Amino acid sequence: MQQAELILKLYELRREAVMREARSYVGGDFLPASASELIQIVSAGDRHSSFVLQVYGYWEMVAAFVRSGALDAELLYNTCPEMYFQYAKIQPHLAQFREEMDMPEFLISIEQLIEGSHAGRRRLEAMQKNLAAIAEARSRSASKPQTTSKPTSKPTSKPRRKR
């Protein structure tokens, strides 16, 4: 019962207004293509860097709950796929980020939780495939020339009069 209460409390925290906005950014437009880009975003000191740090800090806390035994890993796996999706966005850049920022333990709980189980690695792989498709679609739409469509107007026909 305590586990369910904790998962519900964590859900409530995700619904807070600023957290929703942060999750919307991290779950949407945020898609760093390299460790350098990730470092640039996190180091900018702007709203987006705050969003990134807030969201990943939240998931790091949740993963630490699991690692310490306060929350069941299977319960988290079954109720929080968002964590896996958001981790998949930065996982390819995490080692270089840690090295360049001299932060060897940055998001270590998330990494160990997700990559420490077969199910977690399988979900991570699926999320990364989804992200690759998203990146490809964004690339295609960005490379298409923007066309302005002119409204098509149909000639108005007047009803015929019978003679």
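Since the model is a prediction, treat every value here as computed from it, not as a measurement.
No chain of hydrophobic side-chain contacts below 4.5 Å, direct or via other Ile, Leu, Val, Met, Phe, Trp or Tyr residues, connects Y11 to F65. Follow the hydrophobic side-chain contacts under 4.5 Å out from M103 and you reach W59 in the same cluster. The same ILVMFWY cluster, assembled from side-chain heavy atoms under 4.5 Å apart, contains both Y56 and F85.
Looking only at side-chain heavy atoms (C-beta outward), L38 and F30 come within less than 4.5 Å of each other.
Note that CE of M127 and NZ of K89 are 11.5 Å apart. Values are rounded to the nearest 0.5 Å. Rounded to the nearest 0.5 angstrom, I110 CD1 and Q91 CD are separated by 11.5 Å. From I114, atom CD1 reaches atom CZ of R123 across 9.0 Å, with rounding to the nearest 0.5 Å. To the nearest 0.5 angstrom, E74 atom CD is 10.5 Å from T79 atom OG1. Rounding to the nearest 0.5 Å places CD of E105 at 9.5 Å from CD of E60. The distance from atom SG of C80 to atom CG of L71, rounded to the nearest 0.5 Å, is 7.5 Å.
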### Task
Could you walk me through whether M19 and L13 pass the side chain to side chain contact (heavy atoms under 4.5 Å, CB included) test, one step at a time?
CA-CA 8 Å; M19 182 58 135; L13 291 173; over 6 Å; no
### Task
Go through M101 and F106 one step at a time and tell me if the side chain to side chain contact (heavy atoms under 4.5 Å, CB included) criterion holds.
CA-CA 9 Å; M101 297 295 288; F106 183 72; over 6 Å; no
### Residue pair R20, E16: steps toward the salt bridge (charged side-chain N to carboxylate O under 4.0 Å, His left out) verdict
CA-CA 6 Å; R20 271 189 178 206; E16 185 273 329; over 6 Å; no
### Task
In sequence, state the C-alpha distance, the side-chain angles, and the governing distance for H118 and R122, and then conclude on side chain to side chain contact (heavy atoms under 4.5 Å, CB included).
CA-CA 6 Å; H118 177 71; R122 195 174 65 239; 3.2 Å; yes
### Query
Where do R138 and L31 land on the side chain to side chain contact (heavy atoms under 4.5 Å, CB included) test, with the steps shown first?
CA-CA 11 Å; R138 286 182 182 178; L31 191 57; 3.6 Å; yes
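Using a distance-only test at 3.5 Å, with no hydrogens or angles considered, no donor-acceptor pair links the side chain of S43 to the main chain of Q40. In this structure a side-chain-to-backbone donor-acceptor pair under 3.5 Å is missing from S139 to A135. With hydrogens and angles disregarded, no donor-acceptor distance shorter than 3.5 Å links the side chain of Y87 to the backbone of L107. Without hydrogens or angle criteria, Q86 side chain to P81 main chain gives no donor-acceptor distance under 3.5 Å.
Ion pairing of R140 with E136 is present here, as a side-chain N (NZ or NE/NH1/NH2) and a carboxylate O approach within less than 4.0 Å. Using a 4.0 Å cut-off between charged side-chain N and carboxylate O, E5 and K9 make no salt bridge.
Here the shortest heavy-atom pairing between R14 and E82 reads NE-OE1, 3.8 Å. The two residues E37 and A33 come nearest to each other via the heavy atoms OE1-N, 2.8 Å. The two residues D72 and Q3 come nearest to each other via the heavy atoms N-OE1, 2.5 Å. Residues M61 and L10 share a closest heavy-atom pair of CE-CD2, 4.1 Å. Residues S49 and V42 approach most closely at CB-O, 3.4 Å, considering heavy atoms.
Applying the side-chain hydrogen bond (donor to acceptor under 3.5 Å, both in side chains) test to R67 and every residue at least two apart in sequence or in another chain returns S109, Q112.
Tested against I41, the residues D46, I90, V52 include a single side chain to side chain contact (heavy atoms under 4.5 Å, CB included) partner, V52.
For Y77 and Y84, the ring centers are positioned less than 6.0 Å apart.
The list of ring-ring contact (aromatic ring centres under 6.0 Å, His included) pairs with a residue in residues 32-51, not counting sequence neighbours, reads Y25-H48. Among pairs with a residue in residues 95-104, those fulfilling side-chain hydrogen bond (donor to acceptor under 3.5 Å, both in side chains) read Q96-E100, R98-E111, at least two apart in sequence or across chains.
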